[in-house]
Amino acid sequence: MQKEKIDDLLCRVEKPGQYLGSEINSVHKVVNDDTIRYCACFPDIYEIGMSHLGTQILYHLINTIENVFCERVFAPASDLEKLMREKKIALFALESRHALNNFDFLGFTLQYELSYTNILNMLDLAGVPIYSKDRSEKDPLVIVGGPCAYNCEPIADFVDIVILGEAEEIIVEVLETYKNHKKSGYSKQKFLEKIASFKGVYIPCLYEVDYFSNGKIEKVYSINEHAPSLVNKRIIADLENAFYPDKLIVPYVNIVHNRVMLEIFRGCSRGCRFCQAGMVYRPVREKSVDKLCELAGKLLASTGYEEISLSSLSSSDYSSLQELVSKLIENHEEDRVGISLPSLRLDNITFEIIKEIQKVRKTGLTFAPEAGSQRLRDVINKGITEEALIDAVRKAFELGWSTVKLYFMIGLPTESIEDVEAIRDLGFKVAAEYRKVDKEKRGKGLKVTLSVSTFIPKPFTPFQWEAQDDMNTTVEKQQLLKHLINHRSITYNYHDVKTSFLEGVFARGDRRLAKVIELAVKKGCKFDGWREHFDFEKWMSAFDECQIDPLFYMRQREYDEALPWDHIDIGVTKEFLRRENEKAKKEQITPDCREICSTCGIAAKYKGGDC
Amino acid sequence: MLRIRCRFSKKDDMVYVSHLDLVKFFGRAMRRANVPIAYSQGFNPHPIMSFATALGIGVASDAEYMDIQLDREIEAELFVKTVNDTLPKGLRILACKYIDKSEKSLMSIVARSVYAIEIELEKIMSKENIEKEIDGFLKQDEIIYRKERKKKNKGKRYKKIIEVDIRQSMCNIEVLSIAGKKVIIKMILAAGSENNLKPEVVITKLNEMTGVSIVEDSAKVARLELLKKHEKQYVSLMDVAK
Ligand code: SF4
């Protein structure tokens, strides 16, 4: 097989070190006729993709399977893409530099909706037909997974296989089955039918959608006897003993998360009503302190990294956080290893841990009140009081911190102008608290950042039926805050309204959006999450030409309306989500489910949770 | 305080790794190899290493140098072996030697760099003719190179053209071999913090000022050696008393 010749190109692009494929701990196997070839594709640039833990886990896991070789590819930066198109060089896997159309599987990670155009652009650059129906038996199978896979209907027509939930077990089963099929005369249809019944596999082409004349969905149904009418997600019941790599690829170039990433637990029991991750990753499963210390030791030794970051949806919820942090410091302090807790939410943190980490390195502190007023925090079930928050902030200031970041959302259900103004009030109160702390104790130069994003209703959350604010309303609220927050020590930032609009359309989109995405790519849309690339006008003209009204997807849904993702089952019941939405309207909170079970349905279906 | 001086090569794909990334890379390589490297004090401790020069992206080299400070002595041979075991293809420690703490830093002693450059000619020429052209080129008293400098003033970026005479920075240029249109040229150029001339600049000037026409972007550069001045001679950076 021919390697793509890229030497001449590498001299002419920025950061060529990202395209070499020979990084420390990358895997290189000899390719022969029986080798099953899988390429882990990340639809964003290298430095984002290499910071994604899931991709690294899968890469090393798949490479443990005999006769299967997993490589990597990322969306090439614009300078390289331009040269590749000029010189007619096909998109290639980094390790072997073989063009992607030689592969059996192209596995895309769906991290965010705005990367859909990059998937199509990468397939195009690889010379692989974008529609599943147009790919022959010889073309690669396109397989997707990740958070957006739970409702990947907008890209369903481009995809052959969807992995729902945690991939560690199911991907091995799929690959082993493929191996056997290949030995005994492979047919794409037969293979897809075979795996369609596996728990955690969804084969979109085996389902059809009927629509009412008003555009709403009548029903989604299986059209093949092998495809179950309801597709279940897959989880790892025994996380403690599940595969976790003892090495990670160490990039040559600097990336966002250039450190050991250690996953400490999965799931979240807080039940915030806007949060998709909190619902789809249920139930909570923790790894033991001993296991984590053992892994940390191996990972630090194999990578040479000088920093380790504990990864989860919310580090402070790990039941033995203090013990874990102390042990890690004890084991690695001499080697000058820093520890960072990226999703450390000060909402409930014990300050003992902060003192520990402070010994090694000062990480930024973040709070996520999400809403400015107590009323709205009750609506979204963010069980934190202003008192507790201010108390935590004061302690942080007393310990010498002077930089804090607060996350908020605007556009939440039931939000009033007073709720928006309360964001400013809370920011000002935090700043005032700093002044109250003894000058000797507090750090210099107060910096409070109020980071305000736009609420986007996501599938599989209690708010999945709610309307998303239209763009004018969002802009008004953003400008109001901009006007209100004029404070020397407070920085206010907010999200681009058009980007959030598009994300909202795709988050709750259906199969009819495929042609809009296809057309947008033809018009040159890619890297839509990057301000310098995003071209809203092109998107609008694509919707227009396809005669699809994007506002249709932003509207409020009735409880009895069929949703595009109704054939997917995440274990948490629709009944529970509806109950939660009703409680939200009454401003009633639901306690953390480790206090009392709120019968979300997951425990009835899945073993292994700490429920 | 223990200091160890290493000579290493950087070739193949590793030529695409930038100098800054390489510094990070070596820090981690030392940790993987369990080398007792010394760290700076402070909140963000970093390994104490220093390099002779920064090699440009795309340039191969058999003569890169770094000094590393160690907390504890390890056998030089063992050092080379354990570090090499963790390095990817293209990076190799070739030699190392403990040096005295009074030894001057690499950066301050580098004076000359020797390069081999492969170029492609627009049309075939004989070796004699190329040599004649180079002779004529070197006979000039002055060779002016116009350099673009990006500047910043009160937040505004602008470009400024400065003129430099590079003749005195060229110590020697000779033809090593020739095969069809491919010619390999050896150059000895001034290097170091005071005066540094890049071989690509010389190639541009040769193309501009002589009858040797070179295909654009065809030059492949490799560094053969870095030298320092010792008494009246130029010697290897590894040439240290101890
Ligand atoms: S079953 Fe109960 S305890 Fe378990 S995740 Fe659901 S609500 Fe929480």
Side-chain angles (χ1 to χ4, degrees), chain A residues 3 6-26 28 46-47 80 83 94-95 97 247-255 258-260 297-308 332-338 340 357-363 400, chain B residues 10-49 55-60 71-72 82-92 118 120 200 215-222:
Chain A
K3 276 190 170 197
I6 57 166
D7 273 352
D8 288 349
L9 275 55
L10 290 179
C11 290
R12 293 160 63 190
V13 299
E14 270 182 51
K15 298 191 194 164
Q18 62 184 307
Y19 304 114
L20 303 180
S22 65
E23 303 95 318
I24 296 296
N25 298 330
S26 59
H28 295 262
Y46 181 91
E47 56 181 276
L80 180 62
L83 290 172
L94 295 184
E95 280 79 355
R97 291 190 193 166
K247 48 189 192 229
L248 295 169
I249 296 172
V250 186
Y252 293 125
V253 296
N254 203 12
I255 61 165
N258 219 350
R259 55 184 83 102
V260 167
K298 286 184 185 162
L299 286 162
L300 287 166
S302 65
T303 57
Y305 274 132
E306 50 297 287
E307 188 176 341
I308 185 162
H332 304 288
E333 197 168 21
E334 204 185 317
D335 297 330
R336 291 149 177 101
V337 172
S340 61
I357 309 171
Q358 204 184 13
K359 273 197 270 178
V360 195
R361 193 168 303 218
K362 242 188 208 166
T363 43
Chain B
K10 183 173 184 270
K11 336 195 242 213
D12 305 325
D13 269 358
M14 295 307 287
V15 303
Y16 300 112
V17 176
S18 74
H19 180 70
L20 269 179
D21 290 335
L22 188 76
V23 174
K24 268 257 168 218
F25 181 93
F26 267 118
R28 289 175 184 149
M30 299 300 156
R31 297 172 69 93
R32 285 195 298 273
N34 257 323
V35 170
I37 189 162
Y39 283 82
S40 65
Q41 302 295 318
F43 249 126
N44 276 317
H46 58 265
I48 305 178
M49 294 186 292
L55 198 65
I57 284 189
V59 179
D71 277 338
R72 164 165 61 72
T82 50
V83 175
N84 276 343
D85 280 349
T86 82
L87 297 181
K89 182 170 172 277
L91 273 187
R92 214 95 256 71
E118 188 195 272
E120 195 182 325
E200 293 85 349
V215 175
E216 212 192 317
D217 284 337
S218 70
K220 293 199 178 67
V221 184

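Here is how names work: the chains are called A, B, and so on, in the same order as the sequence lines, proteins then strands, and each is numbered from 1. These values consider heavy atoms only, across backbone and side chains, with no hydrogens, waters or symmetry-generated copies.
Residues passing the salt bridge (Lys or Arg N to Asp or Glu O under 4.0 Å) test with Arg31(B), sequence neighbours excluded: none. Qualifying ring-ring contact (aromatic ring centres under 6.0 Å, His included) partners for His46(B), counting only residues two or more places apart in sequence or in other chains: none. Under the side chain to side chain donor-acceptor pair (under 3.5 Å) criterion, Ser26(A) pairs with His28(A), not counting sequence neighbours.
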>> Under the criterion side chain to side chain contact (heavy atoms under 4.5 Å, CB included), I'd like the reasoning laid out for Val17(B) against Leu20(A): C-alpha separation, chi angles, the key distance, then a yes or no.
In response: CA-CA 9 Å; Val17(B) 176; Leu20(A) 303 180; 4.0 Å; yes
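Counting heavy atoms from C-beta on, the side chains of Arg32(B) and Ile24(A) come closer than 4.5 Å. Using a 4.5 Å cut-off on side-chain heavy atoms (C-beta onward), Val250(A) and Arg28(B) make contact.
Annotation: the span from Phe25(B) atom CZ to Glu23(A) atom CD amounts to 10.0 Å, rounded to 0.5 Å.
Of all residues in residues 6-16 of chain A, those placing a non-hydrogen atom less than 4.5 angstrom from a non-hydrogen atom of chain B are Asp7(A), Leu10(A), Cys11(A), Pro16(A).
Nearest heavy-atom pair, Pro88(B) versus Ser22(A), reported as atom, atom and distance to 0.1 Å: CB-O, 4.3 Å.
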